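Down below is the structure, laid out as structure tokens.
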There are 2 protein chains.
Amino acid sequence: MAFHLACQMYEPVTISDRLFLDLRRAILTGELPAGKKISEPELSATYGVSRGSLREAISKLENCNLVTRKPNIGARVVTFSVDQLLEIYQIREAMEGMAARLAARNMSDHEIQHLRMLLERHKKAIDDPEITNKADLERDADLDFHFCIIQGCSNERLLRMLCQDLYDLVRFYRYRLNPGFSPTAMQEHELLVQALERRDGEMAELLMRHHVRASRDRAKERLQQMTPEELGLAG
Amino acid sequence: MAFHLACQMYEPVTISDRLFLDLRRAILTGELPAGKKISEPELSATYGVSRGSLREAISKLENCNLVTRKPNIGARVVTFSVDQLLEIYQIREAMEGMAARLAARNMSDHEIQHLRMLLERHKKAIDDPEITNKADLERDADLDFHFCIIQGCSNERLLRMLCQDLYDLVRFYRYRLNPGFSPTAMQEHELLVQALERRDGEMAELLMRHHVRASRDRAKERLQQMTPEELGLAG
DNA sequence: CACCGGATAAATGTCAACAATACCATCATA
DNA sequence: TATGATGGTATTGTTGACATTTATCCGGTG
């Protein structure tokens, strides 16, 4: 499994924890489609647990923004509009920019070497003719790259807000509308690693913000060419 | 009640909603002290509700980071270290900076006028000899000011992340360790409003980041002069 | 034919009891 | 005396049943 998916803070000890992880995976991978009603009787029967435990798991899903609940009506898997997606890019620009600035100061040399290694491996994999599923590779490599920097920022709460509150939404989107390979993005990653290697926090923040903004523009262009049916996740 | 405290997204329709709001207020105002154990039997008896509803309310409190839960052990009101507080300032610098940039573009003229009005009222109140509780005034005025800008950014998710996930923590801190009046902060607010009035997003972001960073420095200095007992909320 | 209203069915909210786990005081032993 | 085992007590996790609200269906009416 890709590194970025394993970035969970705790291991499941209780039933609702296990259930939460199962449902989370189901939602992220698309097994549960966007907008799908979360039926408590149905799911509690499927997983063989009581409604109480299920409701607790749903609460946790609500925390990472993967479902929305309305009183007396129920929970649904989250849906995306293009606008909401672009909103997330704006937030990422601000938060990951700060994360990059802090990472330049706080990452250990070893962590930076690891990041460099990720990047080089990614470069090789892109040129490898034996790897057919370039889209999945690109998605996982990019997510791993960003995770590595976020984890190096040494700001525990920033890390949690990004990983728990925001990145599940990014995955949710990526697993449905994978933007695919972009040579410019790879170049942006390269420059960013160089800035981190120089410990240049100011530049790292600028480059990260530029990179996220550029990704946003690429996604926007791509999304505007798609029909609502292709999107399949309008709210 | 101060404007910033009313910034709740929904009105309580269910028992656990009502309970959540009551407990939230109790925690923010200090009625429930930092680090206090949330005993399910005790609280369910106090409020006359079942443990199930209480647990649901606790989940909501966990969402806004006001309590932390450990499996099979229970929930406690959150505690603060100085480091964690400074972490929050870093996040605010990034997110509110972006919010200010967006607000310069998206706030209506009327909203900006309202912000100007808040500021002028604040200035007058500071000089008013009849108002004795300057510390509370300062806290509420500052929180209202920041809320007004955040609400003007037209990024729904950024708004929710700031108001729901972060600002309860800011209130939690402010209601315990109120930094008091700072003439520089007032001046920073003035410059910020001017930038918004000019619709200068670039400058608004820079000024907001500067303002948050300055507030962080002021808080840091203040906190370093306090003993752990005065802080009374070390984890 | 479209629209409204009441009865039925199903889903969510709430509760109290049971099971599993953690806390605590006591006691034995090195 | 300090340390570790042990049993009792209290707290949390889990479940199934009940109450309340919402959704659906169906017949009536303009």
Side-chain angles (χ1 to χ4, degrees), chain A residues 8-27 31-79 235, chain B residues 8-27 31-79 235:
Chain A
Q8 273 306 311
M9 303 291 166
Y10 59 86
E11 49 201 312
V13 30
T14 176
I15 289 184
S16 59
D17 282 344
R18 165 64 56 194
L19 207 59
F20 162 68
L21 288 179
D22 284 353
L23 289 173
R24 174 173 172 274
R25 187 192 44 71
I27 292 176
E31 195 175 319
L32 279 172
K36 167 93 174 176
K37 174 79 188 293
I38 307 275
S39 167
E40 294 183 8
E42 180 186 332
L43 280 182
S44 64
T46 303
Y47 286 89
V49 299
S50 79
R51 271 184 55 223
S53 301
L54 176 63
R55 283 168 68 86
E56 198 124 334
I58 293 177
S59 284
K60 294 182 210 290
L61 289 172
E62 204 184 2
N63 291 18
C64 34
N65 298 307
L66 290 179
V67 308
T68 56
R69 275 177 90 181
K70 288 180 186 172
N72 283 317
I73 291 182
R76 288 188 171 285
V77 176
V78 85
T79 58
Chain B
Q8 274 305 311
M9 303 290 166
Y10 60 86
E11 48 201 313
V13 30
T14 175
I15 289 184
S16 58
D17 283 344
R18 164 66 54 193
L19 208 59
F20 162 68
L21 288 179
D22 285 352
L23 289 173
R24 174 173 171 275
R25 187 192 45 72
I27 292 175
E31 195 176 319
L32 279 172
K36 166 91 173 178
K37 173 80 188 291
I38 306 275
S39 167
E40 295 184 9
E42 180 185 332
L43 278 182
S44 64
T46 303
Y47 286 89
V49 299
S50 80
R51 271 184 54 225
S53 302
L54 175 63
R55 283 167 68 85
E56 198 125 332
I58 294 176
S59 284
K60 295 181 209 289
L61 289 171
E62 203 183 4
N63 290 21
C64 35
N65 298 306
L66 290 179
V67 309
T68 56
R69 274 177 91 181
K70 287 181 186 173
N72 284 317
I73 291 181
R76 301 191 94 88
V77 176
V78 85
T79 58

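Order of the sequence lines sets the chain letters (A, B, ...), proteins ahead of strands, with each chain counted from 1. What you see is a predicted model, and the numbers here were worked out from it, not measured in a lab.
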**Report entry** B/Arg24 CZ to B/Leu32 CG distance, which is reported to the nearest 0.5 Å
**Finding:** 13.5 Å

Query raised in the report: B/Ser53 and B/Ile15: which non-hydrogen atoms are nearest, and at how many Å?
Result: CB-CG2, 4.1 Å

Query raised in the report: Just how large is the angle between the end axes of the helix from C/dC1-D/dG30 to C/dA30-D/dT1, five pairs per end, to 10 degrees?
Result: 30°

Report task. Take the protein atom CD1 of B/Ile73 and the nucleotide atom P of C/dC24, then report the distance between them rounded to whole Å. Result -> 11 Å

Query raised in the report: Mind checking what makes salt bridge (charged side-chain N to carboxylate O under 4.0 Å, His left out) contact with A/Arg51, not counting sequence neighbours?
Result: A/Glu40

Query raised in the report: Could you state the NZ-P distance from A/Lys37 to C/dA10, rounded to the nearest angstrom?
Result: 13 Å

Under 3.5 Å donor-acceptor pairs involving side-chain atoms of residues 67-76 of chain B, not counting sequence neighbours:
unit_1: B/Arg69; atom_1: NH1; unit_2: B/Ser59; atom_2: OG; d: 3.4
unit_1: B/Arg69; atom_1: NH2; unit_2: A/Glu56; atom_2: OE2; d: 3.1
unit_1: B/Arg76; atom_1: NE; unit_2: B/Gly35; atom_2: O; d: 3.0

Query raised in the report: Does C/dT14 have OP1 or OP2 sitting under 4.0 Å from an N or O in the side chain of B/Thr14?
Result: yes

Query raised in the report: Which part of the nucleic acid, if any, lies within contact of B/Ile38, taking any heavy atom under 4.0 Å across all strands shown: a base, the sugar-phosphate backbone alone, or nothing?
Result: sugar-phosphate

Report task. With side-chain contact (heavy atoms from CB on, under 4.5 Å) as the test, would you mind laying out the steps for B/Leu54 and B/Tyr47 before giving the verdict? Result -> CA-CA 9 Å; B/Leu54 175 63; B/Tyr47 286 89; 5.9 Å; no

Report summary line: When rounded to whole Å, the NZ to P distance for the pair A/Lys70 and C/dA11 reads 18 Å

Query raised in the report: For A/Ala57 and A/Phe20, which heavy atoms make the closest approach, and how far apart are they?
Result: CB-N, 3.8 Å

Query raised in the report: How far does CD of B/Glu31 sit from NZ of B/Lys36, to the nearest 0.5 angstrom?
Result: 11.0 Å

Requested in this report: Could you check which residues of residues 48-56 of chain A get a heavy atom under 4.0 Å from DNA chain C? Sort them by number, please.
Outcome: A/Arg51, A/Arg55

Query raised in the report: Are any of the side-chain heavy atoms of B/Ile38 and B/Val77 separated by less than 4.5 Å?
Result: yes

Query raised in the report: Heavy-atom contacts under 4.0 Å between residues 39-47 of chain A and DNA chain C, which residues?
Result: A/Glu40, A/Pro41

Query raised in the report: So which one's nearest nucleotide on DNA chain D is more toward 5', A/Pro71 or B/Gly74?
Result: B/Gly74

Query raised in the report: Just the endpoints, please: which first and last nucleotides of DNA chain D, 5' to 3', lie under 4.0 Å from a heavy atom of chain B?
Result: D/dT11 to D/dT14

Requested in this report: Can you measure from CD1 (A/Ile27) to CG (A/Asp22) and round to the nearest 0.5 angstrom?
Outcome: 11.0 Å

**Report entry** Min side-chain heavy-atom separation A/Ile58-A/Leu43 under 4.5 Å
**Finding:** no

Query raised in the report: Any salt bridge between B/Glu62 and A/Lys60, counting N to O under 4.0 Å?
Result: no

Report task. Look at all strands and tell whether A/Ile58 reaches a base, only sugar-phosphate, or nothing, counting heavy atoms closer than 4.0 Å. Result -> nothing

